[in-house]
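Accompanying notes for the structure given below.
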Protein chains: 2
Amino acid sequence: MTPAADLDATLSALADPTRRGVVELLSTRPRRAGELAAAFSVSPPAMSRHLRVLRTRGLVEEARGGDDARVRMYRLRREPFDALRQWIEEVEAFWGDPLGASRDPAERRR
Amino acid sequence: MTPAADLDATLSALADPTRRGVVELLSTRPRRAGELAAAFSVSPPAMSRHLRVLRTRGLVEEARGGDDARVRMYRLRREPFDALRQWIEEVEAFWGDPLGASRDPAERRR
DNA sequence: CCAATGATTAACTGATAGGTTAAATAAATA
DNA sequence: TATTTATTTAACCTATCAGTTAATCATTGG
């Protein structure tokens with residue numbers, strides 16, 4: 001199983017609405033730090049710290065943009081999302097899910 | 001898409017290690033509150049509050065145990081886990097996942 | 001070289017979360 | 001009814017977190 005520490009890092013990173021919004025934006029395409037700050041109308045320092053949280057916990061990675069070295073591009077990393085999804089699937093095994101069945105929400109609930 | 005507020009409730013509930021441990025325990029079978037408190041060596045009041053968080057956010061439900069009404073059993077609710085898994089899958093669509101492919105971690109990472 | 005731009009770090013602040021002990025509530029039992 | 005057991009609520013304390021402004025670092029372009 002995924003080390004508990006990793007899950008903790010991932011979940012506490014995603015527990016913040018701004019960071020979750022960042023993740024959603026980045027799931028469209030990589031973005032610059034400033035672009036992200038503007039998108040959520042938080043100050044650049046605030047966004048910088050959110051990005052640091054996401055980076056140190058492995059949810060995003062920094063890729064210094066090619067031509068202009070002042071710019072920092074951020075891109076999603078897959079691993080933590082895979083690990084979290086897997087954890088959820090293990091929990092959901094409680095309902096006897098044959099792993100992929102009952103993707104349909106119209107099924108029994110409890 | 002799942003309302004952002006629900007995701008926030010689910011994720012902030014799961015961001016705490018103790019509550020996550022409770023979820024893992026409950027994914028085996030429903031338990032009494034006291035049983036859970038003992039399992040994580042936290043005081044009953046602390047566990048009570050964790051359970052309230054999990055309950056108000058819909059991750060567990062209370063099912064007053066049949067014979068002894070002092071006892072309260074807690075049981076997992078499926079909905080929030082489904083919703084969270086779905087959100088993750090949407091994010092992971094970034095990698096062109098055909099929804100169920102690349103369950104194999106040996107695939108490309110970014 | 002100097003001014004402007006993109007972003008981060010530093011220092012401070014207010015709000016929130018989780019833990020504890022003590023008191024209260026509720027129900028089974030002697 | 002009084003006592004014991006299971007759990008929650010109340011009150012309090014400390015630590016952490018997210019946001020802000022001001023200062024710093026790095027890079028580009030006049």
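The basis for the numbers below is simple: all heavy atoms, side chains too, and nothing from hydrogens, waters or symmetry mates. Proteins come first, then strands; the chains are lettered A, B, ... in the order of their sequence lines, and each starts at number 1. This is a predicted model, so every value here is computed, not measured.
Between B:H50 and C:dG19 there is a side-chain polar atom (N or O) within less than 4.0 angstrom of OP1 or OP2. Between A:Y74 and the phosphate of C:dA7, there is no side-chain N or O to OP1/OP2 separation shorter than 4.0 Å. Not one side-chain nitrogen or oxygen of A:S43 sits closer than 4.0 Å to the OP1 or OP2 atom of D:dA18. Between B:R49 and D:dT8 there is no side-chain polar atom (N or O) within less than 4.0 angstrom of OP1 or OP2. Taking side-chain N and O atoms only, B:R52 has no distance below 4.0 Å to OP1 or OP2 of D:dT7.
Protein atom CG of A:L36 is 14 Å distant from nucleotide atom P of D:dG19, rounded to whole Å. With rounding to whole Å, B:L14 atom CG is found 12 Å from C:dG18 atom P. Distance CD (B:E62) to C1' (C:dA27): 14 Å, rounded to an integer number of Å. In this structure, the CG atom of B:L11 is 15 Å from the P atom of C:dA17, given to the nearest Å. Nucleotide C:dT9 holds its C1' atom 17 Å from the CE atom of A:M47, rounded to whole Å. In this structure, B:L51 atom CG and D:dT9 atom C1' are separated by 14 Å, rounded to whole Å. At whole-Å resolution of the value, CZ in B:R32 and C1' in C:dA27 are 14 Å apart.
For the pair A:A46 and B:E35, nearest-nucleotide mapping onto DNA chain D gives the more 5' position to B:E35.
Listed nucleotides: D:dG19, C:dT21, C:dG6. Nearest to the side chain of B:P45: C:dT21. Between D:dT9, D:dT28, C:dT8, one nucleotide has an atom nearer to the side chain of A:R55 than all others, and that is C:dT8. Side-chain proximity of B:V42 to the nucleotides C:dG6, D:dG19, C:dT20 is greatest for C:dT20. Nearest to the side chain of B:P44, among D:dG19, C:dA7, D:dT8, sits D:dT8. With distances taken from any side-chain atom of A:R72 to the nucleotides C:dT9, D:dT27, C:dT8, the minimum falls on C:dT8. For A:D16, the listed nucleotide lying nearest its side chain is D:dA18; candidates were D:dA18, D:dT9, C:dA7.
Counting any heavy atom pair closer than 4.0 Å across all strands shown, A:F40 reaches no nucleic acid atom.
With B:R85 as reference, A:E92 is the one residue of A:E89, A:E92, A:Q86 to meet the side-chain hydrogen bond (donor to acceptor under 3.5 Å, both in side chains) rule. The one candidate from B:R55, B:E61, B:R31, B:R32 that meets the side chain to side chain contact (heavy atoms under 4.5 Å, CB included) condition with B:Y74 is B:R55.
If you take CZ on B:F94 and CZ on A:R29, they are separated by 10.5 Å, rounding to the nearest 0.5 Å.
Under a 3.5 Å cut-off, the side chain of A:R19 and the backbone N or O of A:A13 do form a donor-acceptor pair. Using a distance-only test at 3.5 Å, with no hydrogens or angles considered, a donor-acceptor pair links the side chain of A:R20 to the main chain of A:L14. The main-chain N or O of A:R52 is found under 3.5 Å from a side-chain atom of A:T56 such that the two form a donor-acceptor pair.
The base of D:dT28 has none of its N or O atoms less than 3.5 Å from a complementary donor or acceptor on the side chain of A:R70.
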